[in-house]
Amino acid sequence: MSVEDLSTRFAVGRRNFDRRFISATGNTTIEYLQGAKIESAKKVLKTSRKTVNEVMHEVGYADFLCFSAS
């Protein structure tokens, strides 16, 4: 899921959605989505025998450097 997907789903512009999201949560939409992906990856890594590469792709990262930096 992307910021564009969310803003479209709620029928508001991306910039407006970002401002409202920050106001409500204190985080940017991207920060929140990255955190959710990382938490999901942690759970899968703890409870399965999947490789880091498999989990990385499963949670939505295509680039190992971006995944490892998160």
Side-chain angles (χ1 to χ4, degrees):
M1 182 163 284
S2 69
V3 178
E4 288 80 16
D5 294 337
L6 290 170
S7 63
T8 300
R9 184 178 208 164
F10 292 103
V12 295
R14 179 189 168 143
R15 190 168 177 196
N16 190 13
F17 182 83
D18 277 336
R19 276 187 263 151
R20 290 179 180 197
F21 196 89
I22 291 169
S23 177
T25 67
N27 293 318
T28 66
T29 314
I30 292 173
E31 289 170 338
Y32 179 83
L33 291 173
Q34 286 176 338
K37 288 180 182 181
I38 294 302
E39 289 304 313
S40 179
K42 284 181 189 179
K43 288 178 186 175
V44 173
L45 287 168
K46 287 180 182 178
T47 61
S48 75
R49 294 186 156 256
K50 294 181 180 181
T51 66
V52 171
N53 199 37
E54 290 171 325
V55 173
M56 176 188 80
H57 288 289
E58 185 176 308
V59 299
Y61 283 93
D63 182 355
F64 182 77
L65 292 175
C66 290
F67 180 71
S68 63
S70 294

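In this text the structure is predicted, and so the values were computed from the model without any measurement. As a basis for the values below, the full set of heavy atoms in this structure was taken, side chains included, without hydrogen atoms, waters or symmetry mates.
Here the closest heavy-atom approach between residue Glu31 and residue Asn27 is recorded as OE1-CA, 3.5 Å. Here the shortest heavy-atom pairing between Val59 and Ala41 reads CG1-N, 3.8 Å.
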Side-chain donor-acceptor distances from residues 9-17 under 3.5 Å, at least two apart:
unit_1: Arg14; atom_1: NH1; unit_2: Glu4; atom_2: OE2; d: 2.3
unit_1: Asn16; atom_1: OD1; unit_2: Arg20; atom_2: NE; d: 3.3

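One hydrophobic cluster holds both Val52 and Val44 under the rule that ILVMFWY side chains link at heavy-atom gaps under 4.5 Å.
Rounded to the nearest 0.5 angstrom, Ile22 CD1 and Thr28 OG1 are separated by 6.0 Å. Taking CG of Leu45 as the reference point, atom CD1 of Ile38 lies at 9.5 Å (rounded to 0.5 Å).
Distance alone, capped at 3.5 Å, places no donor-acceptor pair between the Ser23 side chain and the Arg19 backbone. Side-chain N or O atoms of Glu54 include one that pairs as donor or acceptor with a backbone N or O of Thr51 at under 3.5 Å. Not one N or O on the side chain of Glu39 forms a donor-acceptor pair closer than 3.5 Å with the backbone of Ala36.
Contacts classified as salt bridge (Lys or Arg N to Asp or Glu O under 4.0 Å) and involving residues 58-67 (residues at least two apart or in different chains) are given here: Lys50-Glu58.
Between Tyr32 and Leu6, the closest side-chain pair of non-hydrogen atoms is not below 4.5 Å. Within the 4.5 Å cutoff, the side chain of Val3 has heavy atoms near those of the Ile30 side chain.
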The test is side chain to side chain donor-acceptor pair (under 3.5 Å); show your working for Asp5 and Ser2 and say whether it passes. CA-CA 5 Å; Asp5 294 337; Ser2 69; 3.3 Å; yes
